[in-house]
Amino acid sequence: MTEQSIGLLIVMVAYLLMMVLIGVLYSKKNNNANDFYLGGRKLGPLVTAMSAEASDMSSWLLMGLPGLAYVSGCAEAGWTAIGLAIGTYLNWLFVSKRLRCYTQKAGNAITIPEFFKNRYRDKSNSLLIVATLIIVIFFIPYTASGFAACGKLFSQLFNADYQLMMLMSAVIIVSYTTLGGFLAASTTDLIQSLIMTVALVIVVIFGLEKVGGIGQIAADTQNMNGYLSLTSIFDIESMQSSPYSGLTIISTMAWGLGYFGMPHILLRFMGIEDENKLKLSRRIATIWVVIAMSVAIFIGILGYSMTKAGVVEVLHGQPQAETLMIKIAFLLSNHGTLLLVMGGLILAGMLACTMSTSDSQLLVASSCISQNILHDWLKINISPKKSLLVARISVLIIACLSALLALDPNSSVFRIVSFAWAGFGATFGPTVLLALFWKRSNWQGALTGMLVGGTVIFLWKFVIADFGGIFAIYELLPAFVCSFVANVAASLLTKAPSEEIVKEFEQISSIS
């Protein structure tokens with residue numbers, strides 16, 4: 001291992017140790033499963049905002065999005081970012097406060113499946129079981145993609161075995177999550193969001209200095225018709241562009257619909273101490289998301305100029321393009337001790353993206369085992385101390401399953417996240433919105449909507465989209481619409497909710 005690699009490793013190890021230390025410090029504040037999974041609803045507005053967005057962005061922000069912009073230009077990456085920015089704002093504006101109030105009113109629910117069950121007084125536990133299965137189905141591969149991203153990062157940097165590096169990364173993430181739970185995950189997410197921001201700024205400044213400024217980027221791309229356009233999709237391999245249709249733009253912007261159904265983001269709304277501070281959280285979160293995604297796309301375009309200038313080697317295909325930030329960080333670290341530290345911060349930022357999502361996903365998925373299955377469904381009552389132990393064991397089980405799926409590194413971060421995002425958006429998104437805003441919604445409608453949404457996601461992705469043409473759109477859009485319609489139709493065709501449910505709904509409406 002070279003001196004450069006050792007220096008980068010020291011910076012990254014220091015960062016990882018800090019994450020574990022936070023887990024140790026917060027471990028003393030967890031007295032039961034409520035504390036472990038929701039932090040006793042004690043989050044402040046800044047931590048709520050930044051942890052929500054850090055857990056949202058994942059390695060997609062510093063790997064997937066720049067890589068997509070590098071290989072295909074601004075259209076797909078740009079409309080995806082626009083959709084996500086709008087979805088972020090609307091989710092904070094309409095869902096956050098009402099969900100915070102409703103989950104506490106409805107039996108002090110600490111998970112989304114438990115909220116569905118309590119909201120509709122579902123004694124059959126059908127909603128609980130189906131929602132739990134959905135979380136496990138989509139979160140295990142989602143978490144696995146995070147473990148794989150960490151493994152790729154370390155193996156490429158230090159020429160080490162991928163599987164060993166992936167397992168080491170998983171152990172670190174599991175350590176602080178198992179020790180500190182929700183509070184540790186949220187606090188580390190705040191730190192990680194700040195490191196992500198620093199990483200983005202450093203890369204832009206260094207890249208612009210290397211290529212000669214904005215003017216050179218414009219000169220490099222002036223003959224690439226469609227590369228900077230929002231209405232043309234570019235293929236960097238063939239250097240050809242094709243129209244990016246209005247239907248495709250709408251389906252790409254549908255990424256924003258996914259926010260309404262993301263359990264790890266919704267939990268942040270549920271965990272804030274004062275729901276009246278959510279307005280401040282919304283402003284912080286929206287501003288950060290818009291700036292971070294815009295800079296990430298710009299880095300992809302900047303990366304092309306860096307390859308054209310010979311500063312960075314040419315990257316072929318989406319998976320290889322997703323290593324752009326790694327290449328830049330390694331190049332930066334060649335220029336003295338200070339820049340070596342900055343290069344280490346960039347790599348730590350990439351780890352931060354992945355870890356901030358993986359820890360949240362581990363908590364949500366493990367809550368399905370310890371809280372929803374054992375406590376809510378099987379009615380196994382145990383002491384607070386034992387419930388905390390079961391919660392931690394559940395994190396380990398989910399982590400082991402995710403690590404097994406992460407053994408194969410040959411996958412695109414952007415594409416895996418895209419499918420899992422669509423799965424949650426289509427199953428939970430309409431269910432959450434109708435549960436919060438439609439008085440006539442009942443448990444039969446919620447159950448039907450989730451089942452239809454999940455079914456359409458798989459059918460559209462693996463069958464219907466292959467027909468091409470108007471069917472080759474992002475599966476989230478048609479699945480979300482079908483789920484919403486099915487929920488409404490089933491609710492109207494079955495018995496109206498009881499007076500008790502309606503009264504509780506009206507009380508929440510008057511508060512929020």
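Keep in mind that this is a model prediction, so the values were computed, not measured.
- Two residues are said to be in side-chain contact when any heavy atoms from C-beta on lie closer than 4.5 Å; L200 and F298 fail this criterion.
- Nearest heavy atoms, L476 versus A426: CD1-N, 3.6 Å.
- A 4.5 Å side-chain heavy-atom check between T103 and N108 finds every atom pair outside the cut-off.
- Residues T197 and W288 have side chains that bring a donor and an acceptor to within less than 3.5 angstrom of each other.
- Side-chain contact check for L447 versus F116: every heavy-atom pair is 4.5 Å or farther apart.
- Side-chain atoms of T248 and S251 form no donor-acceptor pair, as typed in the model, at a separation below 3.5 Å.
- Residue I265 comes nearest to A52 through the heavy atom pair CG1-O, 4.0 Å, listed as atom of the first residue, atom of the second, then distance.
- Listed here is the closest heavy atom pair of P45 and S281: O-OG, 2.8 Å.
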Inset, instruction - Starting from the C-alpha separation in whole Å, work towards a yes-or-no answer on ring pair (Phe, Tyr, Trp, His ring centres under 6.0 Å) for F462 and F419. - result: CA-CA 11 Å; F462 299 108; F419 181 68; 5.6 Å; yes
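- Between F471 and W460, the ring planes are tilted. Angles from 30° to 60° get that label.
- Pairing each heavy atom of G445 with each of A490, the nearest pair is CA-CB, 3.7 Å.
- W92 and F269 have their aromatic ring centers within a separation under 6.0 angstrom.
- A donor-acceptor contact closer than 3.5 angstrom is absent between the side chains of S229 and Y244.
- By the 4.5 Å heavy-atom criterion applied to side chains, L194 and V198 are not counted as neighbours.
- Side-chain contact of T494 with N442: a donor-acceptor pair under 3.5 Å is present, judged by distance alone.
- Ring to ring, F505 and F437 are not that close: their centroids are 6.0 angstrom or more apart.
- Side chains of R121 and E500 form a contact here, defined as non-hydrogen atoms less than 4.5 Å apart.
- Only one option out of F260, W255, F480, F138 pairs with F424 in a ring pair (Phe, Tyr, Trp, His ring centres under 6.0 Å); it is F138.
- Taking all atoms of both residues into account, the shortest heavy-atom contact from I299 to P66 is CG2-CB, 4.3 Å.
- K97 is listed as a side-chain neighbour of N276, based on a closest heavy-atom distance under 4.5 Å.
- Minimum interatomic distance between A296 and L61 (heavy atoms only, all atoms of both residues): CB-O, 3.4 Å.
- Aromatic rings of Y474 and W79 (six-membered ring for Trp) have centroids beyond the 6.0 Å cut-off, not under it.
- For the pair M450 and L127, the minimum side-chain heavy-atom distance is below 4.5 Å.
- Side-chain contact between L278 and I272 is present, with heavy atoms from C-beta onward closer than 4.5 Å.
- Y259 and F428 have their aromatic ring centers separated by at least 6.0 angstrom.
- Salt-bridge annotation for K105 and E504: absent, with no side-chain N of the basic residue lying under 4.0 Å from a carboxylate O of the acidic one.
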